[in-house]
Amino acid sequence: MVIKTDFFESAPTAQLAQKLLGVVLTVTTKAGPLRAVIVETEAYVGQLDAADHGYGGRITRKNRALFAAPGTVFTYQMHRQTLLNFVTQAVGDPQGILIRAVQPIEGLSAMTQNRPKTGPALTNGPGKLTQALGLTMVLNGRLLPETPLTLSWDPIFQPREVQTTSRIGIANKGSWTAAPLRFLVAGNPFVSKQLKRDIDLDRYGWRSNN
DNA sequence: GAGTAGATCCGCT
DNA sequence: GCGGATCTACTCA
């Protein structure tokens, strides 16, 4: 079932970020579809959140898309990487969800061409997955249905356990530094900064084998 | 396997 | 000028 844009205002952002775990992201390309399951997300919860790009309600050219309608794609560049976010909540409320890691399902050879790495290193980080999927800044500010991206639920992928931690790379932001707003599929090898001993090689953290 | 330094560039102050 | 929602290579074990 394809996720529509009203999903992105149907619950608080932290809940939506959890619901995206196990959701399949499809990128339609000339060479065919690239498909990957979302295994790690982070929630950014608005102008009070010191780690949010819309902190304080200040709108700039860079963060403008974050203030747009729910279901808008927000991309921005960081150290030469492109990071992918989906905007949540009403227009003017700068909340969003960062996609931090995905597990490839289909189009592996095309992904490897985009990013010549094997195993988890292909997509186990926010900058890595945009490279592998060929996502760039042209997506910024576009509504999901206007982009080559599709999000859909697949009953095959249900996390056995969702783990909650503080967000990565957020330092010196007071209580927001430790806020439990990062969500991941426990044991999935594509989760970023995953320790080898925590990996569930049997089921990749899903409820059943695929 | 785990931890750390350096690269590198755009947008904002 | 400065610093960031990162990545990679290099170290030590």
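Letters go in sequence order (proteins before strands), and every chain restarts at 1.
- Classification of A/Asp202 and A/Arg160 as a salt-bridged pair fails, no side-chain N sitting under 4.0 Å from a carboxylate O.
- Among residues two or more places apart in sequence or in another chain, the side chain to side chain contact (heavy atoms under 4.5 Å, CB included) test is passed with A/Lys62 by A/His53, A/Thr60.
- One interatomic measurement links the two molecules: NE2 of A/His79 to P of C/dT6, which rounds to 9 Å at whole-angstrom precision.
- The CE-C1' distance, from A/Met78 to C/dG3, rounds to 8 Å in whole Å.
- The CG atom of A/Asn63 sits 12 Å away from the P atom of C/dA5 (whole-angstrom rounding).
- Rounded to whole Å, atom P of C/dG3 lies 16 Å from atom NE2 of A/His53.
- Looking at A/Gln89 and A/Thr13, their side chains do bring a donor and an acceptor atom within 3.5 Å of each other.
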Is there any protein nitrogen or oxygen under 3.5 Å from a nitrogen or oxygen in nucleotides 11-13 of chain C, and what are the pairs?
none

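- Within residues 162-193 of chain A, the residues that place at least one heavy atom under 4.0 Å from DNA chain C are, in residue-number order, A/Ile168, A/Gly169, A/Ile170.
- A/Leu83 and A/Leu20 end up in different hydrophobic clusters when Ile, Leu, Val, Met, Phe, Trp and Tyr side chains are linked at under 4.5 Å.
- Ring geometry, A/Phe157 versus A/Trp206: the interplanar angle exceeds 60°, so the pair is classed perpendicular (tilted spans 30 to 60°).
- Rounded to whole Å, the distance from CD on A/Glu40 to C1' on C/dA5 is 11 Å.
- Aromatic ring centres of A/Tyr55 and A/Trp176 lie farther apart than the 6.0 Å criterion allows.
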### Message
Output the pairing pattern of DNA chain C as a dot-bracket string, 5' first, Watson-Crick or G-U wobble with both distances under 3.5 Å, | for cross-strand pairs, [ ] for crossing pairs.
### Response
||||.|||||||.
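- Residue A/Arg115 places none of its side-chain N or O atoms closer than 4.0 Å to OP1 or OP2 of C/dC7.
- Rounded to whole angstrom, the span from the CD atom of A/Gln81 across to the C1' atom of C/dA5 amounts to 12 Å.
- Checked options A/Leu84, A/Asn85, A/Ile168, A/Thr41; the residue passing with A/Leu98 is A/Asn85 (criterion: side-chain contact (heavy atoms from CB on, under 4.5 Å)).
- Taking atom NZ of A/Lys128 as the reference point, atom P of C/dA9 lies 10 Å away to the nearest angstrom.
- On the nucleic acid side, DNA chain B has its first and last nucleotide under 4.0 Å of a heavy atom of chain A at B/dG1 to B/dC12, going 5' to 3'.
- Using a 4.0 Å heavy-atom cutoff across all strands shown, A/Asp52 reaches no nucleic acid atom at all.
- A single hydrophobic cluster is seen to contain both A/Leu144 and A/Ile38, as judged by linkage of ILVMFWY side chains at heavy-atom distances under 4.5 Å, directly or through other members.
- Shown for residues 131-139 of chain A: no residue has heavy atoms falling under 4.0 angstrom of DNA chain C.
- Side chains of A/Asn124 and A/Gln194: no donor on one and acceptor on the other come within 3.5 Å.
- Heavy atoms of A/Glu42 sit nowhere under 4.0 angstrom from any nucleic acid atom.
- Atom-to-atom distance recorded for A/Thr72:OG1 and A/Leu66:CG is 9.5 Å, nearest 0.5 angstrom.
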